[in-house]
Amino acid sequence: MWNKRCESIPREQLSRLQFLRLKQTLEAVYQLVPYYQQVYRDTGVEPGDIRSLEDLAKLPFTVKDDLRENYPYGLFTNGLNEVVRLHSSSGTTGQPTVVGYTRNDLEVWAELAARALAGAGAGRDSVVHIAYGYGLFTGGLGVHYGAEKIGATVVPVSGGQTKRQVRMMKDLGTTLLACTPSYALNIADAMIEMQIDPGELALSSGLFGAEPWSDNMRKIIEEKLQISAFDIYGLSEVMGPGVAYECSAKEGLHLPEDHFIAEIIDPVSGEVLPEGTAGELVITTITKEALPVIRYRTRDITSLTRRPCSCGRTHLRIAKVSGRTDDMLIIRGVNVFPSQVESVLLDIGETEPHYQLVVDREGALDTLEIRVELTEQMFSDKVKGLEGLEKLIREEISSLLGISARVKLVEPKTIPRSEGKAQRVIDRRPQR
Amino acid sequence: MVVKQISIFLENKCGRMIRVSEVLGEAGINVRALSIADTSDFGILRLIVDRPDEACSVLREKGFMASVTEVIALEVPDTPGGLARALTPLQEAGINIEYLYAFVQKRTADALILVRVENIEAALQVLRENNISVISSERLYSL
C-alpha cells in the first residue's frame, strides 16, 4: 500500500473527512464559478442546504456538455491564475474539452497514480514502461508522475513502433507495462512475431486502462505476456488515470474516497441506485482546486460496494467498467454493449478478442454482424468445424443478448488494430 | 505413409486465391494438387505441395491462417469402379471419410486419391490388408 494512513482510514473518519471537504468544494464553486451560481439559483439549492453526504443527491448533475458549453475555462475556479497544466480530451463528437490543474492538483494526481502503481505491485525497484500516449491525453503523463513519485525508473516511451517497444522492454529490464489493454495485446502479438518468449523478460505486471476490458481479456493478456494484469480507471474531467485502481485481490477497483465521492445512478431516471446495483458512475471531486466537478456523470457503467476488502484498504470498490452509456448500441430495441459480445467470444474459450460489430439496417430491421478473426486454435480444416464455431457464437450471443446476429469468421489481422483505443463498432444505420 | 496437406482459410474476397498462389510461387513451392471446400462466406483451400512445412510457414508469415493436416494418398486404377474398390474396405471397417479429392497423374494409368479420415492408423491398416496401394509422401511430393 502506498499510503496506508489514507488508504485504510476507518470509514466513519472517512465520512467526516468527505463531508468537510465536500462543503469546502461546494463553497468554492458557489463563490468562484458563475456557472454553478446560476445552476444552484435555478434549482434553489445552496451549499448551506447540504447537511449530510446524502444531501449531495439534491444537487444537479454536471455532464460533458456543460464542459463543452463553457469551453475553454468557464468552469475553472480562478481562471488560469494557479493553473500549471492543461489537458484536453479529443473532440470526436464536436467541441473538445479542456481541463486544468493547479500545482496541488498535480500533487494529488501523482499521489493517486502512485497508489494505483503500488496496488499493481510496483515500487522503488520497478522499471515502468509507459506506452500510454503522452501529450494532451492524460494517460501518459498521469502514470508518469505517479511512477516517479514512488521512485520507480520510468521509461516514457508513449505509443507506436511496437517492435521497438518490445526490444526496449527486453533490453531495459522492464518490470511493469502501462498501456491500454488492446495495445498490450499488440505488444504480445509483436513478441510472437519476433519470436521472443515473454519469459525471457523481467516483466511481471501490467497496469491497463483507458478502455473497458473484460476479465477474460485479462486472462488472455496474462497468459500471453506471462504477467499479472491490473485495471486502472480514470477520466480527464475528474482527473486522469488513478480515479480507481485494483489491488492484489482484484475484486473491484478502489476509488480514493479521500478525494472523490462516488454514486451510482440510473442513467435514464437519474435516481441514486443502492449498493451493488449496476448503473452510471457519478463522481464529485472534493479536493480539486482548478476544476472541481460536482456530480459529474462519467457515462461509465459499473456498480459499487463498501464491503471490506481483504487487502486492508477501506475505500469503496467499483466493479470493472462493463461499458459506456454512449458505447451502448440500441439494436432492435435491445441495449447492447460491445463488452458483452467480447465476453461471449472469450467464454467460448479459444477465441482471441479481435472482433468488430457491424450494425446496419435492412428495410426497417436493424442487423448485427459480428466479425471474428480466426485464430490457430479455432481453425479447423473442415467446413463443418468452422460452421459449428459460427453457430456456437451465434447461439451464445442470442442467449445472452436476446437478439440474433450474423457471425462471420475473417482472416487473421484483417480487423484494424489500434495503437490506442479500439474501434469495435461500425454503425452504418442511416441517421434519423 | 501419411502425406502432409496444407489447409488455408480464405474469406470469399477477390484475389485471395491468387495471393496464395503468388506467395507460394515467390517461395519456389510447387502445387501438386488442390481442392477447395466453400460456403457463401469462406472457403478452405487444401493443397499438396512439394515442401509442405515451408509452405505453411511462408503463408503464415504473409498473414494467412494455414495449418498442416495429415491425409492418406491412394493409388487406384483410372478405370470405372476403381475408386469404389479402394473405398469399400474403409467403409466396411467403419472408418469415416471426412473429405477426399482426386487427381490424375500425367504418365501412369492410375489416379491418385487424397483421403482425410478421423483415424489414420486404422485406415492404413485396412488399406494394407486389402492390398490397396498407398503412396509415400516422398513419392507424392516429387511427382
Side-chain angles (χ1 to χ4, degrees), chain A residues 162-163 185-186 188-196 345 348 350-358 360 362 367-394 397 404-417 426, chain B residues 2-20 23 33-49 52-53 55-72 96-101 114-120:
Chain A
T162 309
K163 285 188 179 169
L185 283 176
N186 279 2
D189 285 348
M191 280 188 193
I192 293 169
E193 234 174 88
M194 295 163 78
Q195 296 179 336
I196 290 177
L345 293 176
I348 285 170
E350 302 156 307
T351 320
E352 274 191 70
H354 287 301
Y355 64 93
Q356 194 166 47
L357 312 189
V358 182
D360 209 337
E362 280 168 21
T367 61
L368 172 62
E369 177 178 280
I370 302 172
R371 296 182 178 166
V372 183
E373 266 184 27
L374 200 61
T375 65
E376 228 167 281
Q377 301 93 296
M378 289 156 72
F379 183 45
S380 152
D381 88 321
K382 293 179 286 271
V383 169
K384 204 164 59 176
L386 293 179
E387 284 183 337
L389 180 69
E390 286 182 338
K391 182 162 173 273
L392 180 65
I393 297 172
R394 200 164 54 234
I397 293 283
S404 58
R406 203 175 100 86
V407 174
K408 184 174 158 79
L409 299 174
V410 299
E411 289 178 33
K413 308 218 165 154
T414 50
I415 292 172
R417 295 294 194 277
I426 297 175
Chain B
V2 294
V3 172
K4 285 180 177 174
Q5 168 197 268
I6 310 293
S7 302
I8 306 152
F9 177 81
L10 294 179
E11 274 177 70
N12 281 0
K13 282 194 301 201
C14 281
R16 296 308 286 160
M17 186 85 179
I18 294 173
R19 187 73 194 120
V20 170
V23 167
L34 70 82
S35 120
I36 189 156
D38 67 334
T39 71
S40 57
D41 278 341
F42 63 82
I44 300 166
L45 177 64
R46 298 166 185 143
L47 300 176
I48 300 295
V49 298
D53 292 318
C56 190
S57 63
V58 298
L59 285 165
R60 283 183 181 181
E61 268 167 36
K62 299 291 179 188
F64 285 97
M65 177 54 61
S67 69
V68 174
T69 317
E70 293 186 332
V71 294
I72 300 173
N96 185 32
I97 292 170
E98 293 180 331
Y99 56 79
L100 64 76
Y101 51 102
L114 292 149
V115 187
R116 165 75 188 169
V117 292
E118 272 162 23
N119 188 340
I120 288 192

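By convention in this document, chain letters (A, B, ...) are assigned in the order of the sequence lines, proteins followed by strands, and residues within each chain are numbered from 1.
Among residues two or more places apart in sequence or in another chain, the salt bridge (Lys or Arg N to Asp or Glu O under 4.0 Å) test is passed with A/Glu390 by none. For A/Lys391, the salt bridge (Lys or Arg N to Asp or Glu O under 4.0 Å) criterion is met by A/Glu395, not counting sequence neighbours. With sequence neighbours excluded, the residues satisfying side chain to side chain donor-acceptor pair (under 3.5 Å) with A/Glu193 are A/Lys163, A/Lys413.
In this structure, A/Leu409 and B/Met65 have side chains that are not in contact, with every pair of non-hydrogen atoms separated by 4.5 Å or more.
Interface summary for chain A: among B/Arg16, B/Gln5, B/Glu61, the most heavy-atom pairs under 4.5 angstrom belong to B/Arg16. Interface summary for chain B: among A/Leu374, A/Thr414, A/Val383, A/Val410, the most heavy-atom pairs under 4.5 angstrom belong to A/Val410.
Note that the CG atom of B/Asp41 and the CD atom of A/Glu387 stand 9.0 Å from one another [nearest 0.5 Å]. To the nearest 0.5 Å, the span separating NZ on A/Lys408 from CZ on B/Phe42 amounts to 10.0 Å.
Looking at A/Ser380, the atoms closer than 4.5 Å to chain B (heavy atoms on both sides) all sit in the backbone: N, CA, C or O.
Just one residue in the list B/Ile6, B/Val68, B/Thr69 forms a side-chain contact (heavy atoms from CB on, under 4.5 Å) with A/Asp381, and that residue is B/Thr69.
Environment of NZ in A/Lys382: crowded, with over 12 heavy atoms of neighbouring residues, nucleotides or ligands closer than 6.0 Å.
Of all the heavy atoms in B/Phe64 and A/Pro412, the pair that sits closest is C-CG, 4.3 Å.
Scanning residues 8-15 of chain B against chain A with a 4.5 Å heavy-atom cutoff picks out B/Ile8, B/Phe9, B/Leu10, B/Glu11, B/Lys13, ordered by number.
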